[in-house]
Q: 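Structure below; questions to follow.
As a basis for the values below, the full set of heavy atoms in this structure was taken, side chains included, without hydrogen atoms, waters or symmetry mates. As the structure lists them, so they are numbered: ligands from 1, and atoms in each ligand from 1.
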Amino acid sequence: MAIELTPTPEAVLVEGAVGCGKTTRLVERAAALLEGGAAPSDLLVLAATPDAARMLAARLEAACGAAVEATCVREVALGLLATEGGRAFSDRAGRLVTPVEMGFIMEDMKTCGLKNRRLKEMLKFFYRSWTELVEDADGNADWLLAGEEADVHGLLKGILDFTGGILEPELSALAVRYLLADGEALAGAQRAHVLVDDYQMLSRASQHVANLLARDSIAVAADPAAVVEVFDSYPYGEGVGEFTQANADCERIVLTESHACGAAAHAASRLREDAAPGAPEITGVGDAPATDSFTARESADPAAEVAAVAEAVEAALGAGCAPEDVYVLTFHPAWMRQVLRALAARDIAAAAPVEGRLSVGDYRDLDRCAPARLLAALDLAADPANALAWRSWCGFGDYLANSAAFADMRAGAAAEGAGLVALLEEASAAAPAEGFPNTGIGRIVDAYRAGRELVASVQGLEGDGLLDALAAGLGLEGDGAARARALVGALTAPAPGEEGGTDAATLSRRARRALGGAAFGDTAGRVLVGAPEHLVGRSPAVLVLAGFVNGFFPSRDYFDATVMTPDKQKLARATDIRRLYAAAGKPTERLVASWFTSIDLVGAEQLKLEIGRVRLRRGERIATTSPSIYLKEIEPTEDQSA
Ligand SMILES: Nc1ncnc2c1ncn2[C@@H]1O[C@H](COP(=O)(O)OP(=O)(O)OP(=O)(O)O)[C@@H](O)[C@H]1O
């Protein structure tokens, strides 16, 4: 039997465009439920990202005067699968695979012999299918073609069972099946009232988890035009229709009045027509001409452009805007860094999301993957039975991550019914003191023994002392060591307002969470600089689109017919439009777009910009760049009042 959405006795759908007050409605509903006699613990509020959840928690506290739990489906699902029952049901360790660990799993997957590109395509197909719950409640389905496809799927599941790791796209699907299979676990996890914001940004499986968790009532806020991947992979826009179908008596509230500034509301209206044809129009967007709240800034070159961005920020602050109400949106990590530098040069405090993913390095090179090794060591100090961490730990520094020896061990594990850690222990105990030099298993045994020693040597240490001891134990030195230490320090820092435990388990949990998605740390008194996905749940007064040029947005591939077929180009455009819509429709005071018209050719290549003509200027080759093709979608014209 295919899995169908579970109906809830009372269901509410709040539908509306960006900036029309959907979240505000949810907050009001939470306050009304509490006034009506519900206890704060009867409520569970779910947001699309951890950052949005934190902001929602603050809004709830302000409106309700009580602490209401706001979190993400991911946290809830992981919590469920980490319980004894959840672990037994899933045969996994209740731990999400981090991007670093995924590198090792991919290396193990390559033993299937498929070409990398084909393998990646197949994995995407599996991931999407999992999130869309193609398997029935028992985990069976005939969706896999016998042969290659079924074999690769079997290999992946085998590797995951062996390491105990859960992939993000299978997490909510596993939780759905667990909740359907175990009535007691379901009853324990349910809350009387569940409220979900940005429902369309959740995967189908996460939507199902949210509905299963609701006992008496569920209220979801959704915008069918803002189906954007921000945290869950494969956001499921069709889920809104599924929700109203499952809950036939669902109360439907449609919000059409934007509270954003004229320019943002104008941009949102135009983009929304493109993103969700037929969706209700945005109305009543004020009388002031949209041009009054729009600024376009063209600069000659990148240095002038980031300076212009900093000027725009300065102007907003000068006009009385609170720093945290100003958001600079960048479409490329290099531009995020440039903007941060330009702001720092003007003594403007800024915050950027802590992004662990980008800086963990190549696991083949022991120096370059120093942060990843430090994180694996921390994981092992927190739990020496963490099979996933041992898999990484024993693969660092080897070109193929010792995947052949691990494949042998996996086969042995299946035959003996033993786990990875037990097999490592067994191999280490059986090996002579000098190991088996220069063999795959020899490298693994050596790494395992070194890891054991390191873990034993840091017993009882906490906080900075623990991280310093681990870094020293890894032999990290110089600049690389400092960088690794600083990055791991940032990844293990408590979220604003979070209780500050410093034991290994707490630090490891925080780092794993941070690797799962970038989030802002402390933003008080700081201007925010981030990507579109980090904007979820925020309504800045001023939004500056920095580096708004072709190549950054859309990407250069978009313009290259040899890379992108017309079909793919159409899809890429639709995705871009939805991302831009969800961002540009937000600012309540001003929308600024900034771009540059030339850059040196080397820089253009490095940044993968789309370039026009190339000229020679003072011996240097200079390429022309153009504002994003999407500028005309957001730029108001003189005669538009909204
Ligand atoms: N009734 C209202 N009157 C005035 N301002 C409002 C009203 N409702 C919401 N706002 C303001 O409009 C902005 C957007 O509100 P909210 O976050 O509730 O909207 P949303 O539809 O969830 O937006 P998004 O899609 O951007 O998340 C906020 O700054 C909020 O304070």
Side-chain angles (χ1 to χ4, degrees), residues 12-32 45-64 70 72 195-202 219-231 235 237 240 252-269 271-272 275-276 279-288 293 316 321-322 324-327 329 523 528 530 532-543 545 577-591 634:
V12 182
L13 169 66
V14 184
E15 214 177 326
V18 55
C20 289
K22 300 180 298 298
T23 310
T24 307
R25 277 300 179 104
L26 287 187
V27 171
E28 285 166 2
R29 180 178 164 85
V45 181
L46 298 166
T49 69
D51 214 26
R54 248 187 325 117
M55 243 126 18
L56 199 42
R59 278 172 80 168
L60 287 160
E61 176 115 44
C64 307
C72 295
L195 301 100
V196 194
D197 201 8
D198 284 318
Y199 188 75
Q200 80 290 341
M201 288 180 182
L202 307 187
V220 311
D223 178 355
V227 182
V228 188
E229 188 167 309
V230 293
F231 191 57
V240 182
R252 197 166 182 153
I253 300 166
V254 180
L255 302 175
T256 55
E257 191 173 330
S258 168
H259 302 290
C261 64
H266 162 79
S269 304
L271 294 163
R272 189 174 164 89
E281 260 183 57
I282 303 176
T283 57
V285 282
D287 301 325
S293 46
C321 215
E324 54 272 38
D325 281 341
V326 181
Y327 194 102
L329 201 160
T523 55
L528 277 62
E533 58 271 25
H534 308 135
L535 188 49
V536 180
R538 298 183 183 272
S539 300
V542 176
L543 179 73
L545 307 173
I577 292 283
R578 288 196 300 268
R579 285 175 81 202
L580 187 58
Y581 160 80
K586 278 175 179 284
T588 52
E589 284 176 22
R590 178 160 297 276
L591 177 62
I634 60 168

Q: In the protein, which heavy atom is nearest to atom 18 (O) of ligand 1, and how far is it?
A: T24 OG1, 2.5 Å
Q: Does ligand 1 have an atom under 4.0 Å from some heavy atom of D223?
A: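 It does not; every heavy atom stays at 4.0 Å or beyond.
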Q: Starting from atom 20 (P) of ligand 1, what is the nearest protein heavy atom, named by residue and atom, and what distance separates them?
A: K22 N, 3.4 Å
Q: Which ligand 1 atoms does R59 reach within 4.0 Å, using its non-hydrogen atoms?
A: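 Atoms satisfying the 4.0 Å criterion: 16 (P), 17 (O), 18 (O).
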Q: Once rounded to the nearest 0.5 Å, what's the spacing between atom CG of D223 and atom CZ of R578?
A: 11.0 Å
Q: Under a heavy-atom criterion of less than 4.0 Å, does E15 contact ligand 1?
A: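 Per 4.0 Å heavy-atom rule, E15 does not contact ligand 1.
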Q: Keeping E589 on the side-chain end and V542 on the backbone end, is there a donor-acceptor pair under 3.5 Å?
A: no
Q: Within ligand 1, which atoms have a heavy atom of K586 less than 4.0 Å away?
A: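 In order of number, 24 (P), 26 (O), 27 (O).
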Q: Write out the residue and atom name of the closest protein heavy atom to atom 2 (C) of ligand 1, then the distance separating them to 0.1 Å.
A: H259 CE1, 3.2 Å
Q: Do L535 and P540 have side chains that approach each other closer than 4.5 Å (heavy atoms only, starting at C-beta)?
A: yes
Q: To which protein heavy atom is atom 19 (O) of ligand 1 closest, and what is the distance rounded to 0.1 Å?
A: G21 N, 3.0 Å
Q: Applying a strict 4.0 Å limit to heavy atoms, is A17 in contact with ligand 1?
A: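 Yes, A17 has heavy atoms under 4.0 Å from ligand 1.
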Q: To the nearest 0.5 Å, tell me how far R59 CZ sits from T24 OG1.
A: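 Separation between the atoms: 4.0 Å.
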Q: Could you grab the distance from atom NZ of K22 to atom CG of D197, nearest 0.5 Å is fine?
A: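 Rounded to the nearest 0.5 Å, the NZ-CG separation comes out at 7.0 Å.
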Q: Taking the side chain as everything from C-beta on, heavy atoms only, tell me whether D51 gets closer than 4.5 Å to V536.
A: no
Q: Has G19 got any heavy atom lying under 4.0 angstrom from an atom of ligand 1?
A: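 Contact present.
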Q: Can you check whether V18 has an N/O within less than 3.5 Å of an N/O in ligand 1?
A: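 No, no N or O pair falls under 3.5 Å.
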Q: Give the atom numbers and elements of ligand 1 that come within less than 4.0 Å of a heavy atom of S539.
A: 13 (C), 14 (C), 17 (O), 28 (C), 29 (O)
Q: Answer yes or no: are there more than 12 heavy-atom neighbours, outside R25 itself, under 6.0 Å from its atom CZ?
A: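 Not buried by this count: 12 neighbours or fewer within 6.0 Å.
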Q: State which residues pass ring pair (Phe, Tyr, Trp, His ring centres under 6.0 Å) with Y581; sequence neighbours excluded, sorted by chain then number.
A: none
Q: What is the closest protein heavy atom to atom 22 (O) of ligand 1, and at what distance does it sit?
A: T23 OG1, 2.5 Å
Q: So, taking the atom named CD in E533 and the one named CD in E229, what distance separates them when rounded to the nearest 0.5 Å?
A: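 It is 9.0 Å, given to the nearest 0.5 Å.
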